[in-house]
Amino acid sequence: MKTILVTGGAGYIGSHTVLALLEKKYEVIVVDNFVNSSKKALARVEKLTGKKIKLYELDCCDKVKFSQVFKENKIDAVIHFAGLKAVGESVNVPLKYYENNLFSTINLLNLMQEYKVYNIAFSSSATVYGEPKSVPIYEDFELHISNPYGRTKLIIEDILRDFSKVNPEFNIAILRYFNPIGAHPSGLIGENPNGIPNNLVPYITQVAVGKLKELGVFGNDYPTKDGTCIRDYIHVCDLAEGHILALNKLFSKCGLVTYNLGTGKGYSVLEVIKAMEKAVGKPIPYSFKPRRAGDIPECYASPVKAETELGFKAKYSLEDMARDSWNWQKNNPNGYDE
Ligand code: NAD
Ligand code: UD1
């Protein structure tokens with residue numbers, strides 16, 4: 001039985017991936033400092049699976065404490081989710097983002113080298129493509145960054161590429177996620193943003209549950225089918241499955257590989273609102289607002305490389321994603337808070 005260390009395992013994508021790993025009979029160790037998550041997420045994953053998760057509550061930037069995890073366990077692979085992810089906040093406090101996201105990753109790589117743990121999957125983002133020259137987006141497209149959060153992702157990708165060249169024993173999967181939404185169909189775990197959500201679907205579900213008055217749609221004059229932006233929304237459980245497949249690839253000794261994890265389908269903001277209205281069973285009040293700085297008109301993945309090389313294919317439809325996002329929000333109007 002293989003043991004997987006999951007940094008940031010209590011977070012949104014992390015908790016769904018930990019669940020998928022336990023279901024696949026992996027042993028799981030989670031490291032998290034709960035800066036953006038709750039212990040309840042892990043308790044609920046334990047409840048859903050009937051299995052125990054070994055937890056270390058620590059900051060990956062604290063190398064001394066982090067080294068304990070490697071000293072005390074025989075780890076086969078690491079999935080590195082830990083990081084700060086709010087684009088707007090990263091513009092206001094860039095050093096916090098560089099410090100947290102870069103130091104944690106450098107510590108992790110040093111420890112993996114020291115303890116001879118040679119397999120890692122890293123959470124990158126479609127944000128590294130910036131505004132693409134065309135869609136769908138292929139993995140070999142040029143990378144452009146417009147904000148500090150995105151820059152931390154690109155710098156870490158560059159670190160991994162440099163590191164891989166001189167450490168051929170390492171297997172590294174750079175996974176570029178498109179827009180994860182949805183929640184586990186049980187409604188027990190889901191996305192739990194702090195304060196007012198920045199992202200579209202959590203904002204809509206909070207309007208639907210009555211916590212927010214109306215959605216502002218950022219821009220209706222984009223050169224798209226209905227004037228609103230197009231994104232590739234992927235169910236978080238599909239994304240979790242992508243990590244299981246990425247582990248298989250790592251264990252086949254693949255060296256450094258890079259994959260988009262998306263569905264290959266683009267939906268507009270208005271199409272997402274329509275799907276959410278259907279799931280909720282009532283209209284979502286919204287009005288058009290000016291464009292949001294940094295938004296691009298259209299972004300969706302070519303999923304072909306991940307399908308061909310990993311066997312990854314997203315199973316859930318937009319309708320499923322809307323249903324599961326709503327199911328989570330209505331059962332947990334305050335997320336993990338009582
Ligand atoms: P999240 O905030 O829910 O999860 C991140 C987890 O990491 C949290 O539990 C947080 O407490 C923990 N963490 C942060 N810094 C840490 C540190 N220094 N030490 C220990 N724990 C730390 O975010 P998520 O949506 O689950 O995203 C997971 C990863 O995927 C992140 O790296 C994010 O940048 C990346 N990503 C997310 C999206 C998205 O839309 N959610 C898209 C692309 C990429
Ligand atoms: C955002 C981040 C991106 C990150 C991704 C996943 C920005 C500029 N980009 O992408 O770096 O990788 O989240 O975490 O923040 N929208 C509204 N009203 C809202 C919220 C969103 O109309 O209240 C629109 C946006 O303009 C966009 C779409 O909905 O067109 C999706 O937005 P969002 O969920 O924030 O994701 P991205 O902008 O794709």
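Whatever order the structure lists them in is the order used to number ligands and atoms, beginning at 1.
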[X] near ligand 1 by a heavy-atom separation under 4.0 Å:
| X | value |
| --- | --- |
| Y149 | yes |
| E191 | no |
| S124 | yes |
| N100 | yes |
| L58 | yes |

Pair [X]-[Y], side-chain donor/acceptor within less than 3.5 Å:
| X | Y | value |
| --- | --- | --- |
| Y129 | R176 | yes |
| S287 | E214 | yes |
| N199 | R231 | no |
| N119 | D76 | no |
| Y233 | T263 | no |
| T3 | N73 | no |
| N36 | K85 | no |
| Y97 | N147 | no |
| S317 | D320 | yes |

Hey, does [X] come in under 3.5 Å of ligand 2, counting only N/O atoms on both sides?
| X | value |
| --- | --- |
| L200 | yes |
| N199 | yes |
| F178 | no |
| N179 | yes |
| D295 | yes |
| F218 | yes |

If you count the atoms of ligand 1 from 1 in the order shown, which ones are under 4.0 Å from a heavy atom of [X]?
| X | result |
| --- | --- |
| S123 | 29 (C), 30 (O), 32 (O), 35 (C) |
| F34 | 11 (O) |
| D59 | 17 (C), 18 (N), 19 (N) |
| S125 | 43 (C), 44 (C) |
| V35 | 10 (C), 11 (O), 13 (N), 14 (C), 15 (N) |

Can you tell me which residue and heavy atom of the protein come closest to [atom], and the distance to 0.1 Å?
| atom | result |
| --- | --- |
| atom 3 (O) of ligand 1 | Y12 N, 2.8 Å |
| atom 18 (N) of ligand 2 | G216 O, 2.7 Å |
| atom 26 (O) of ligand 1 | I13 N, 2.8 Å |
| atom 38 (O) of ligand 2 | R292 NH2, 2.7 Å |
| atom 2 (C) of ligand 2 | V87 CG2, 3.5 Å |
| atom 31 (C) of ligand 1 | F81 O, 3.2 Å |
| atom 39 (C) of ligand 1 | P180 CG, 3.4 Å |
| atom 24 (C) of ligand 2 | V269 CG2, 3.8 Å |
| atom 10 (C) of ligand 1 | D32 OD1, 3.4 Å |
| atom 27 (C) of ligand 2 | R231 NH2, 4.0 Å |
| atom 16 (C) of ligand 1 | N33 OD1, 3.5 Å |
| atom 4 (O) of ligand 1 | G11 CA, 3.4 Å |
| atom 19 (N) of ligand 1 | C60 N, 3.0 Å |

Any heavy atom of N198 under 4.0 Å from ligand 2? The part involved is backbone
As an exercise, identify every atom of ligand 2 less than 4.0 angstrom from a heavy atom of [X].
| X | result |
| --- | --- |
| C229 | 30 (O) |
| S125 | 12 (O) |
| V217 | 22 (O) |

Could you label the plane-to-plane angle of the [X] and [Y] rings as parallel, tilted or perpendicular, counting under 30° as parallel and over 60° as perpendicular?
| X | Y | value |
| --- | --- | --- |
| F141 | Y138 | tilted |
| F170 | F163 | perpendicular |
| H16 | H184 | tilted |

Practice item. Could you please spell out the steps behind the side-chain contact (heavy atoms from CB on, under 4.5 Å) verdict for H243 and L247? Key: CA-CA 6 Å; H243 290 78; L247 283 179; 5.8 Å; no
Any side-chain heavy-atom pair of I75 and Y115 under 4.5 Å: no
Under 4.5 Å between any side-chain heavy atoms of C299 and I137, yes or no? yes
For ligand 1, find out whether one of its N or O atoms is nearer than 3.5 Å to an N or O atom of S37.
yes
Does F34 have K39 sitting over its ring (NZ/CZ under 6.0 Å from centre, angle to axis within 45°)?
yes
Heavy atoms of P285 and K213 approach each other most closely as CG-O, 3.6 Å
So is [X] close enough to ligand 2, meaning a heavy atom under 4.0 angstrom away?
| X | value |
| --- | --- |
| Y233 | yes |
| G150 | no |
| K85 | no |

Taken in chain and number order and not counting sequence neighbours, the residues that satisfy side chain to side chain contact (heavy atoms under 4.5 Å, CB included) with P333 are V209
A student comparing P202, G83, G14 should find that the heavy atom closest to atom 5 (C) of ligand 1 comes from G83
Contacts table for residues 303-314: side-chain donor-acceptor under 3.5 angstrom, sequence neighbours left out:
| unit_1 | atom_1 | unit_2 | atom_2 | d |
| --- | --- | --- | --- | --- |
| K305 | NZ | T258 | O | 2.8 |
| T308 | OG1 | V304 | O | 2.6 |
| E309 | OE1 | Y259 | OH | 2.7 |

Backbone of K65 reached by a side-chain donor or acceptor of D62 within 3.5 Å: yes
Practice problem: Would you mind checking if R291 and D221 are paired as a salt bridge, meaning a charged N to carboxylate O distance below 4.0 Å? | Solution: yes
